[in-house]
Amino acid sequence: QVQLVESGGGLVQAGGSLRLSCAASGRTFSRYGMGWFRQAPGKERDFVAAISWNSGSTYYADSVRGRFTISRDNAENTVYLQMNSLKSEDTAVYYCAAGAYIGSSSTARSYDYWGQGTQVTVSS
């Protein structure tokens, strides 16, 4: 069982930056591929970024590639999402997710555990 808690969301102006964190419980964090997804009001949950369990690969949605960076610190049981050059269309609730021994998957069903989400609002 893995519990995930996101933090770092907030209100930022367009062009600004935020760094989201996702802290995971348990001693087997290093065995989990991690992903970030987001859901805007009235829309489906969309993939944002993912990192494999061994940090060997990362994958990004086209809409954020070059602006967002996913990373992980297995010693701290934490995955991060650095978001730069934020746009109003990045406004959403951001969720982190964990899947055992998966690569950098963009498919929500690959993930077994989900956090409660953190709100990111970008004002234009």
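- With contacts defined as side-chain heavy-atom distances shorter than 4.5 Å, the pair Asn84/Phe68 does not qualify.
- For residues 91-124, every residue pair satisfying the disulfide bond (SG atoms under 2.5 Å apart) rule, not counting sequence neighbours, is listed here: Cys22-Cys96.
- A side-chain donor-acceptor contact under 3.5 Å links Thr78 to the backbone of Glu76.
- Between the side chains of Ser57 and Ser104, at least one donor N or O lies within less than 3.5 Å of an accepting N or O.
- Within the 3.5 Å criterion, the main-chain N or O of Gln116 finds a donor-acceptor partner in the side chain of Glu6.
- Contact annotation: the side chain of Leu4 approaches that of Met34 to within less than 4.5 Å [non-hydrogen atoms, C-beta and beyond].
- Distance check: Ser7 OG to Leu20 CG gives 8.0 Å after rounding to the nearest 0.5 Å.
- In the hydrophobic cluster analysis, where Ile, Leu, Val, Met, Phe, Trp and Tyr join through side-chain heavy atoms closer than 4.5 angstrom, Trp36 is grouped apart from Trp114.
- When side chains are defined from C-beta on, Val48 counts as touching Leu81, because their heavy atoms get closer than 4.5 Å.
- Looking only at distances, no side-chain donor or acceptor of Thr107 sits under 3.5 Å from a matching main-chain atom of Arg109.
- Checked by atom type and distance alone, the side chain of Arg72 pairs as donor or acceptor with a backbone atom of Phe29 at under 3.5 Å.
- Closest approach of Ser63 to Arg38, counting heavy atoms only: OG-NH2, 3.5 Å.
- Taking a 6.0 Å sphere around OH of Tyr113, one finds it holds more than 12 heavy atoms contributed by other residues, nucleotides or ligands.
- Sorted by first and then second residue, the ring-ring contact (aromatic ring centres under 6.0 Å, His included) pairs involving residues 79-103 (not counting sequence neighbours) are Trp53-Tyr101.
- Not counting sequence neighbours, the partners of Thr58 by the side-chain contact (heavy atoms from CB on, under 4.5 Å) test are Ile51, Tyr60, Ile70.
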Can Gln82 and Ser17 be said to form a side chain to side chain contact (heavy atoms under 4.5 Å, CB included), step by step? CA-CA 8 Å; Gln82 177 66 44; Ser17 298; 4.0 Å; yes
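- Checked against salt bridge (Lys or Arg N to Asp or Glu O under 4.0 Å), Arg67 has the following partners two or more places apart in sequence or in another chain: Asp90.
- By the salt bridge (Lys or Arg N to Asp or Glu O under 4.0 Å) test, Arg19 pairs with no residue at all, sequence neighbours left out.
- A distance below 6.0 Å separates the ring centres of Phe37 and Tyr111.
- Residues Tyr59 and Phe47 have side chains in contact (heavy-atom distance under 4.5 Å, counting atoms from C-beta outward).
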Side-chain donor-acceptor contacts of residues 117-124 below 3.5 Å, not counting sequence neighbours, with atom names and distances?
residue : atom : partner : partner atom : Å
Thr118  : OG1  : Gly9    : N            : 3.2
Gln119  : NE2  : Ala92   : O            : 3.4
Gln119  : NE2  : Thr121  : OG1          : 3.3

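- Few gaps surround CD on Gln39; more than 12 heavy atoms of other groups in view lie less than 6.0 Å from it.
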